[in-house]
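Values below: all heavy atoms of this structure, side chains included; hydrogens, waters and symmetry mates excluded. Every chain is numbered from 1 and lettered A, B, ... according to where its sequence line falls, protein lines coming before strand lines.
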There are 2 protein chains.
Amino acid sequence: MSERRSGEGQPDKTLALLWRNHSQPTAGDNPTDARRRGAGRRPSLTVDDVVRAGIRLADEQGLAAASMGGLAKELGVGTMTLYTYVPAKELLLDLMVDQVLGERELPGPGEPRPDDWRAQVEIYSEQTRAMFQRHLWMSQVSAIRPPVGPGMLAAREYLLSALLGAGLSPRDTNTAALAVTTYIDSAASNEAESRLVERTTGQTNDAWWYERNDLWETYFDVDQHPAMTTIWNAKGYHSNTREAVADSYRYGLDRLLDGIQAMLDPGPGQDVRADPVQGVAD
Amino acid sequence: MSERRSGEGQPDKTLALLWRNHSQPTAGDNPTDARRRGAGRRPSLTVDDVVRAGIRLADEQGLAAASMGGLAKELGVGTMTLYTYVPAKELLLDLMVDQVLGERELPGPGEPRPDDWRAQVEIYSEQTRAMFQRHLWMSQVSAIRPPVGPGMLAAREYLLSALLGAGLSPRDTNTAALAVTTYIDSAASNEAESRLVERTTGQTNDAWWYERNDLWETYFDVDQHPAMTTIWNAKGYHSNTREAVADSYRYGLDRLLDGIQAMLDPGPGQDVRADPVQGVAD
DNA sequence: TCGAATTCCCGTAGGGTATACGAGAATTCA
DNA sequence: TGAATTCTCGTATACCCTACGGGAATTCGA
């Protein structure tokens, strides 16, 4: 009934694989090292080989192509051989995701970064957008319960440090960071998914809309949609879908950061603003 | 190679089904009406029967349970019978989605609504959140190229009218509405997906984190994560995951609307704000 | 009243997915 | 030179969507 994901239930093994390249000195023998002494047949691959091949295949031919069978064929081994390196496909996906999350070039602690906190957030935004554009399939992966690996943690640390440096309280920093990542990650993911759909269907978004021209002629009721009609008549709609998405991304991020900044600045003689509506919560 | 979705390529048929209950007087005979005169065997179901059953099954047992086979069994017919009503599963999903999108109780044109534009946006936010909570599977459906049906269009019209009424230009209204829906829809979707994962795995998010305690003891490097450490030591993290998500949702929405509001108000003697960083675009 | 036309019903078949199981091959150690 | 260990991978199972085509039901025209 409760279709449990296969990789679950072994969090120790999962963590060991995610952090395989960050061996702690105290950990002693790391059983996931590529080379090991002792009896037994030599492995022909490494975990990194499998992860890299998965990312490459997903980049070039889509996430569906990175199936266990397809991946095995790509690597020139039998399908079941992969299960020697990775206990389940779900976990392999976690490894691919954390690898990609860690690709972003974000200044670590002690490394040089802009003074302005907004410029720091901007770096996170641009690196994240670029990451999604490089790996469109990332838009198809759930961001809930992400891999708790070095890549994910480094990015989280960076964004928290940017907001903490802006002067937010520790509590607000955490809250604001969640809100900012929600916006940036979701918008960047949508942007990538949009492009992915264009690629896989071979149809641009504009062509898709054009195909639905019948909507306006046959079904659209002007009286029911006065705002849309007003905007249409005022030529308020972008002619290019991708441009509209990019514009709204900038606009939303700028307004969100404006709002956060306003909480920081004492504000020179500014009116006390009316409380935002709070009472609609269920 | 290019795995085309099956429902595509027939936009006319798609639109006719989406708008099946909004027959235009000019359209004459609507071939999708439940009852029709003329020869031929009588259908035992209607499209609405199939759509409703799909939504119910997905609500109760998850989106995967709403397969063509499972749905047919639920309705007491053969699997292939469903294809008499709906040309492809992809299109059935579109019908389910638009039905649910239209469930939101948003004031139409001419109907009473709050004067304050922020309160109007708040209604959209709460209705959307509630919709996702009623139908957790909606979080698993792509929002790219959504069904262009009455439900989707009504919600879009509502949000546009709220921002247009706030005094934004037509162009800015469209841009801002895209940004606001991106934030609200994504955050509400994430919230629902989080709860869905809890349900399907039978494990709360807090239990999931607890299972990964090893991370902090074995792999976490304090020197590499000073901001996280600071927040941790200041007890800045929420003890309850769901509470953290809800707090950040409120915070982000309030700041985003603050930012939009600041663009509207002339601002009494307010400093000219430095331009946000723009130069990082690729 | 009886074909003919029309429409709905649905079994079968085919190609895709992940992975449990277990036998076989390769390597090292005693 | 066994024995122990580890990697390799073919087979089988249980799902998914849907193209195809024959059969069943209903109405219309003569």
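Checking C:dA18, D:dT6, C:dT6 against the side-chain heavy atoms of A:Arg41 singles out D:dT6 as nearest. Closest to the A:Tyr83 side chain, of the nucleotides D:dC17, D:dT8, C:dT19, is C:dT19. Nearest nucleotide to the A:Ser67 side chain, out of D:dT18, C:dA18, D:dC7: C:dA18. Of the candidate nucleotides D:dT8, C:dA18, C:dT28, C:dT28 has the atom nearest to the side chain of A:Arg42.
Rounding to whole angstrom units, CG of residue B:Leu92 and P of D:dT18 are separated by 10 Å. One interatomic measurement links the two molecules: CD of B:Glu90 to C1' of D:dC16, which rounds to 14 Å at whole-angstrom precision. The CG-P distance, from A:Leu71 to D:dC9, rounds to 14 Å in whole Å. Atom-to-atom, CG of A:Leu45 to P of D:dT6 comes out at 18 Å; the value is rounded to the nearest Å. Going from atom CG of B:Leu91 over to atom C1' of D:dT18 covers 14 Å, rounded to whole Å. To the nearest angstrom, C1' of D:dC16 lies 8 Å from NZ of B:Lys89. When rounded to the nearest whole Å, the span between CG of A:Leu93 and P of C:dA18 equals 11 Å. Straight-line distance from the OH atom of B:Tyr85 to the P atom of D:dT18: 18 Å, rounded to whole Å.
Two rings, from B:Phe220 and B:His225, have their centers less than 6.0 Å apart.
The shortest distance between the side-chain N/O atoms of A:Ser44 and the OP1/OP2 oxygens of D:dC7 is not below 4.0 Å.
Judged by the 6.0 Å and 45° rule, A:Arg129 forms a cation-pi pair with A:Tyr249.
Partners of A:Asp206 according to the salt bridge (charged side-chain N to carboxylate O under 4.0 Å, His left out) rule, which considers only residues two or more places apart in sequence or in another chain, do not exist here.
Under 3.5 Å, the side chains of A:Ser194 and A:Asn205 contain a donor-acceptor pair of N or O atoms. For the residue pair B:Thr181 / B:Tyr124, no side-chain donor-acceptor distance below 3.5 Å is found, with atom types taken as modelled.
Checked for salt-bridge contact, B:Arg195 and B:Glu198 miss the test: no charged N lies under 4.0 Å from a carboxylate O.
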Could you go over nucleotides 10-13 of chain C and give all protein N or O partners under 3.5 Å, atom names and distances?
{"from": "C:dC10", "atom 1": "OP2", "to": "B:Gly78", "atom 2": "N", "distance (Å)": "3.0"}
{"from": "C:dC10", "atom 1": "OP2", "to": "B:Thr81", "atom 2": "OG1", "distance (Å)": "2.9"}

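Listed by first and then second residue, the side chain to side chain donor-acceptor pair (under 3.5 Å) pairs that reach into residues 71-82 of chain B are B:Arg56-B:Glu74, sequence neighbours excluded.
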